K.L.:
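The structure under discussion is supplied below as structure tokens; questions concerning it will follow.
These numbers come from a predicted model, not from an experiment. Letters go in sequence order (proteins before strands), and every chain restarts at 1.
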Amino acid sequence: SSLPQDAGGAPPPALAVRSSPGSRQIQLWHFILELLQKEEFRHVIAWQQGEYGEFVIKDPDEVARLWGRRKCKPQMNYDKLSRALRYYYNKRILHKTKGKRFTYKFDFSHLLLLLWDPRTEPGALGPCPEPPPQRPGMVAAGAGRRLPEP
DNA sequence: ACCGGAACGT
DNA sequence: ACGTTCCGGT
């Protein structure tokens, strides 16, 4: 009962990433997981043993190059890529492992909640999002509803 | 290296 | 919205 090459910080198979769902543009966290899934990029980016969800970018220039190729942004570099990663801090998708160089950690619990929330995946329930029926003189109740923030 | 504001593009 | 580009600060 052994999982052959299951590296330490890897997510459960439930989070196996399908490449670009629908026709929407590739997202960075998605792309990162994509690389992490493949052994061929183990020398570029890999899960960190020990901490669950933690990964280390072994070759920042190469990761940036690959990301730039995917997005057709040849001028991409690690400085810019890392800025995009930093935007994930507020969204609680990622955070930095302080002290450890090029090391970040996924927050899978938040990622799962985000994916579960229908508002995150707009096309998930059908190709045509129904416009809310607007009757004259009728105020749309709960128009400005937000997530119940914890 | 790492951070986060600001302006900008899609 | 989700980055990209640029950059002053730690």
K.L.:
How many Å lie between CG on A:L85 and P on C:dG3, as a whole number?
P.N.:
9 Å
K.L.:
Can you see if the side chain of A:W67 gets near the phosphate of C:dT4 - specifically, an N or O under 4.0 Å from OP1 or OP2?
P.N.:
yes
K.L.:
With side chains defined as the heavy atoms from C-beta onward, is the minimum distance between A:F55 and A:L94 less than 4.5 Å?
P.N.:
yes
K.L.:
Rounded to the nearest angstrom, tell me the gap between atom CZ in A:R83 and atom P in C:dG3.
P.N.:
12 Å
K.L.:
Could you tell me which residues satisfy side chain to side chain contact (heavy atoms under 4.5 Å, CB included) with A:E62, sequence neighbours excluded, listed by chain and number?
P.N.:
A:V44, A:D59, A:R65, A:L66
K.L.:
Can you tell me how far P of B:dC3 sits from OH of A:Y104, to the nearest Å?
P.N.:
6 Å
K.L.:
Quick check: closest heavy atoms across A:Q27 and A:R24, and the distance to 0.1 Å?
P.N.:
OE1-NH2, 3.7 Å
K.L.:
Side chains of A:F106 and A:Y52, heavy atoms from C-beta outward: is any pair under 4.5 Å?
P.N.:
no
K.L.:
Begin from the C-alpha positions of A:K100 and A:E54 and carry the test side chain to side chain contact (heavy atoms under 4.5 Å, CB included) through to its verdict.
P.N.:
CA-CA 11 Å; A:K100 289 185 182 179; A:E54 197 172 80; 3.7 Å; yes
K.L.:
Who passes side-chain hydrogen bond (donor to acceptor under 3.5 Å, both in side chains) against A:E51, sequence neighbours left out?
P.N.:
A:K105
K.L.:
Check whether any side-chain heavy atom of A:V63 sits under 4.5 Å from a side-chain heavy atom of A:K58, and report yes or no.
P.N.:
no
K.L.:
Give A:R86 one of three labels, base, sugar-phosphate or nothing, depending on what nucleic acid heavy atoms sit under 4.0 Å from its own.
P.N.:
base
K.L.:
Where each pair must be Watson-Crick or G-U wobble with both distances under 3.5 Å, what dot-bracket representation of DNA chain B is obtained, with crossing pairs in [ ] and other-strand partners as |?
P.N.:
||||||||||
K.L.:
So, do A:V56 and A:I45 sit near enough that their side-chain heavy atoms are less than 4.5 Å apart?
P.N.:
no
K.L.:
Taking for each residue the nucleotide of DNA chain B bearing the nearest heavy atom, is the 5' side occupied by A:Y87 or by A:S82?
P.N.:
A:S82
K.L.:
How long is the line joining CH2 of A:W29 and C1' of C:dC2, in whole Å?
P.N.:
13 Å
K.L.:
Listed in order of residue number, which residues of residues 88-98 of chain A have a non-hydrogen atom at under 4.0 Å from DNA chain C?
P.N.:
A:Y88, A:K91
K.L.:
Just the rounded figure in Å: distance from P of C:dT4 to CD of A:Q27.
P.N.:
11 Å
K.L.:
Any donor-acceptor pair under 3.5 Å linking the side chain of A:Y88 with the backbone of A:H95?
P.N.:
no
K.L.:
Taking only distance into account, with no hydrogens and no angle test, what donor-acceptor pairs under 3.5 Å do side-chain atoms of residues 74-87 of chain A form with protein atoms, sequence neighbours excluded?
P.N.:
| from | atom 1 | to | atom 2 | distance (Å) |
| --- | --- | --- | --- | --- |
| A:N77 | OD1 | A:D79 | N | 3.1 |
| A:N77 | OD1 | A:K80 | N | 2.8 |
| A:Y78 | OH | A:Y104 | OH | 2.8 |
| A:K80 | NZ | A:Q75 | O | 2.8 |
| A:S82 | OG | A:Y78 | O | 2.8 |
| A:S82 | OG | A:D79 | O | 2.9 |
| A:S82 | OG | A:R86 | NH2 | 2.7 |
| A:R83 | NH2 | A:Y87 | OH | 3.3 |

K.L.:
Could you state the atom-to-atom distance from NZ of A:K58 to C1' of B:dA1 in whole Å?
P.N.:
19 Å
K.L.:
If you look at every heavy atom in A:Q25 and A:K71, which pair is closest and at what distance?
P.N.:
OE1-CE, 3.0 Å
K.L.:
Using a heavy-atom distance cut-off of less than 4.0 Å, which residues of residues 72-81 of chain A contact DNA chain C?
P.N.:
A:K73, A:M76, A:D79, A:K80
